[in-house]
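Structure first, then comments.
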Protein chains: 2
Amino acid sequence: MPKIQNIKIAVDAIVFGYQNKQLFVLLIKQKYGIFENKWVLPGGLVKNEEALTNAVVRELKEEAGITVNYLEQLFTFGDDIKRDPRNRVISVAYFALVNPQKLVLKADTDAKDVAWFTLNEIPKLPFDHNLIITKAVNRLKSKLHYQPIGFDLLPKYFPFSDIENLYKTILNRNIDRRNFRKKMLSFDILKETNQIQKNNTGRPAKLFQFNYNKYKELEEKGFHFEIKFA
Amino acid sequence: MPKIQNIKIAVDAIVFGYQNKQLFVLLIKQKYGIFENKWVLPGGLVKNEEALTNAVVRELKEEAGITVNYLEQLFTFGDDIKRDPRNRVISVAYFALVNPQKLVLKADTDAKDVAWFTLNEIPKLPFDHNLIITKAVNRLKSKLHYQPIGFDLLPKYFPFSDIENLYKTILNRNIDRRNFRKKMLSFDILKETNQIQKNNTGRPAKLFQFNYNKYKELEEKGFHFEIKFA
DNA sequence: TCAAAAGTGTTTCGCCTACACCCATGT
DNA sequence: ACATGGGTGTAGGCGAAACACTTTTGA
């Protein structure tokens, strides 16, 4: 007679934000339990009649009051049986991007606090959450090369230098400005607006907008976004 | 008072095999239950104290008597709440490759029958298994371009034309023989043996061997396998 | 007029592409 | 000698890489 399965299933979200040439990850401070007051990834148990994706969306709303811009499944963590010291819990981790307008947070019902951490600031976290974050960062880095997801971290209208700096920051390397601009614009997925952004200093910049529909259209025709660096 | 979570967690495996210029997927015939006598992907419920990966390995052993050559997590299917009409079941799907020596199967304890199906032969399957297979096929196709996994579908020693035909077959396109050979050999991850394979007809071929250690070594140094076609 | 960031072209180099004939074996 | 699959080289084109000065603004 086999024992009845007794495994819990949870979702966790790694939410990235970008501002001022810095990449951030969203963490929440736990309100209850053995990890009270510890920072952890937002997430929680899936409800019986709830799609996994909905569980993530709900948790992000409940715990941090945000709605994300991009969401995809990252990986399911279930090989380490003791990853949660209390019960056997399998976690389906999701990878999410928000743009800076959403960087305003409020700790909602389920969290004591919410905050953005740069990668360096992230402390040692409970469970395998540091590992999950590492995996998410790798995914982000590699996706930048073959999917135009950088724009989901930027506001709707942005100066070209924003996307350039975003690549430099996240990939942590220098990029030839001229070649990068030429390549990126050659895809024809950015719409040049006639708005201008003035900075405190330096020449004002034209604002661009990511043309999602154009991108989807090109993709249908077999186009593949790809950007590489020397 | 929240209801207790009542979700089952299962693993499923999509095992690919290759022989005679044909790609196969492994299916088993169910022995019990409402889908008795139906073909389905090998898999089953995860045990309470069992790592996900071990669950897959165990199921493949129990249901098909095989050990695979390559195994990676594919995707977790849990958005469709009714994917299993009986209970809420979330399935963590794995993607596996075997080489033809392992194409010998035996229906073991838990399955009534086991067989290899070409993609065309696969019938309409219960659950979302057709969808899972589609996703796995896409993963296989795209991975061939940037990871040397084709060799996990071939025997240890193989004539060069085998890998070339494998690419042609799976990607379903023609490939320039000379350019393909030049590129593949230029990576320096194939060891030329001094064995020769005689065929029924035509000139005998040198046998090659995939040099896994060399590949790992190069990868450490920042090398990235990548093969493209016009 | 200086500082700071935006904007812009050309040459060089290496890689991918296209392409066809000879070789070794069995029948 | 013929059929079958194995094995090989080169020229041209195209895109990636390297590289620095001018423009516009605010202080």
Side-chain angles (χ1 to χ4, degrees), chain A residues 19-22 144-146 154-155 157-169 171 173-209 218 222-230, chain B residues 19-22 144-146 154-155 157-169 171 173-209 218 222-230:
Chain A
Q19 205 164 48
N20 287 127
K21 306 188 185 178
Q22 287 205 289
L144 280 179
H145 294 278
Y146 62 90
L154 293 179
Y157 302 102
F158 56 87
F160 193 87
S161 59
D162 268 19
I163 188 68
E164 181 194 322
N165 286 320
L166 185 148
Y167 270 80
K168 280 189 192 170
T169 302
L171 299 179
R173 71 192 322 289
N174 272 334
I175 293 173
D176 183 284
R177 284 176 56 222
R178 275 180 285 190
N179 292 338
F180 181 80
R181 180 184 254 254
K182 227 180 310 172
K183 191 74 205 281
M184 188 64 89
L185 291 180
S186 77
F187 295 139
D188 204 26
I189 53 175
L190 291 187
K191 200 159 68 191
E192 192 176 322
T193 71
N194 40 27
Q195 296 173 68
I196 301 268
Q197 184 178 86
K198 298 207 177 190
N199 305 306
N200 297 337
T201 175
R203 175 175 175 173
K206 273 182 280 190
L207 293 184
F208 290 82
Q209 185 185 170
L218 288 170
F223 161 79
H224 288 288
F225 178 88
E226 183 173 21
I227 194 153
K228 290 200 195 155
F229 310 101
Chain B
Q19 205 165 46
N20 288 126
K21 306 187 186 178
Q22 287 205 291
L144 280 179
H145 294 278
Y146 62 89
L154 293 180
Y157 302 102
F158 56 87
F160 193 87
S161 58
D162 268 19
I163 189 67
E164 181 194 322
N165 285 320
L166 184 148
Y167 271 80
K168 281 189 190 170
T169 302
L171 299 179
R173 72 192 323 287
N174 272 334
I175 293 174
D176 184 284
R177 284 175 56 221
R178 276 180 285 191
N179 293 338
F180 181 80
R181 179 183 255 253
K182 228 180 310 171
K183 192 74 205 284
M184 188 64 89
L185 292 180
S186 76
F187 295 139
D188 204 26
I189 53 175
L190 291 187
K191 200 158 68 191
E192 192 177 321
T193 70
N194 40 28
Q195 296 173 67
I196 301 267
Q197 184 179 87
K198 298 207 176 190
N199 305 307
N200 298 337
T201 175
R203 175 174 173 174
K206 274 183 279 192
L207 293 184
F208 290 83
Q209 185 184 168
L218 288 170
F223 160 80
H224 287 288
F225 179 88
E226 182 173 21
I227 195 154
K228 291 200 195 155
F229 310 101

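Note that the coordinates shown come from a computational prediction; the quantities given were computed from them, not determined experimentally.
- Taking the side chain as every heavy atom from C-beta outward, Ile189(B) and Phe225(B) approach each other to under 4.5 Å.
- Between Ile196(A) atom CD1 and dT23(D) atom P there is a gap of 17 Å when expressed in whole angstrom units.
- Taking only side-chain atoms of Ala230(A), from C-beta outward, the nucleotide of dG7(D), dA20(D), dA17(D) with the closest atom is dA17(D).
- If you take CG of Asn200(B) and C1' of dG6(D), they are 15 Å apart, rounded to a whole angstrom.
- Listed by first and then second residue, the salt bridge (Lys or Arg N to Asp or Glu O under 4.0 Å) pairs that reach into residues 195-208 of chain A are Glu192(A)-Lys206(A), sequence neighbours excluded.
- Within a heavy-atom distance below 4.0 Å of DNA chain C, the residues of residues 180-188 of chain A found are Arg181(A), Lys182(A).
- Taking atom NZ of Lys168(B) as the reference point, atom P of dG5(D) lies 11 Å away to the nearest angstrom.
- Between Pro204(A) and Phe229(B), the residue anchored closer to the 5' end of DNA chain C is Pro204(A), taking for each the nucleotide with the nearest heavy atom.
- Arg177(B) contributes a side-chain N or O that forms a donor-acceptor pair with the base of dG7(D) under 3.5 Å.
- With a 4.5 Å cut-off on side-chain heavy atoms, Pro159(B) and Leu207(B) count as touching.
- One can place CD of Gln197(A) at 15 Å from C1' of dT24(D), the figure rounded to the nearest angstrom.
- Between Ser161(B) and dG5(D) there is no side-chain polar atom (N or O) within less than 4.0 angstrom of OP1 or OP2.
- Checked against ring-ring contact (aromatic ring centres under 6.0 Å, His included), Phe180(B) has the following partners two or more places apart in sequence or in another chain: Phe160(B), Tyr167(B).
- In summary, contact between chain B and DNA chain C, defined as any nucleotide atom under 4.0 Å from a heavy atom of the protein, begins and ends at dC16(C) to dG26(C) in the 5' to 3' direction.
- Residues passing the ring-ring contact (aromatic ring centres under 6.0 Å, His included) test with Tyr146(A): none are found, sequence neighbours excluded.
- When side chains are defined from C-beta on, Leu185(A) counts as touching Phe208(A), because their heavy atoms get closer than 4.5 Å.
- At the heavy-atom level, Asp176(A) lies under 4.0 Å from base atoms of the strands shown.
- Straight-line distance from the CG atom of Leu207(B) to the P atom of dG6(D): 11 Å, rounded to whole Å.
- Residues Phe229(A) and His145(A) meet the side-chain proximity criterion, which asks for heavy atoms closer than 4.5 Å.
- Atoms CD (Glu164(B)) and P (dG5(D)) sit 12 Å apart, rounded to a whole Å.
- Of all heavy-atom pairs between Glu226(B) and Phe187(B), the closest is O-CZ, 3.2 Å.
- What separates CZ of Arg203(A) from C1' of dC21(D) is a distance of 13 Å, to the nearest Å.
- Note on residues 178-187 of chain B: no pairs pass salt bridge (Lys or Arg N to Asp or Glu O under 4.0 Å), not counting sequence neighbours.
- Regarding Ile227(A), its CD1 atom lies at a distance of 10 Å from the P atom of dA17(D), rounded to whole Å.
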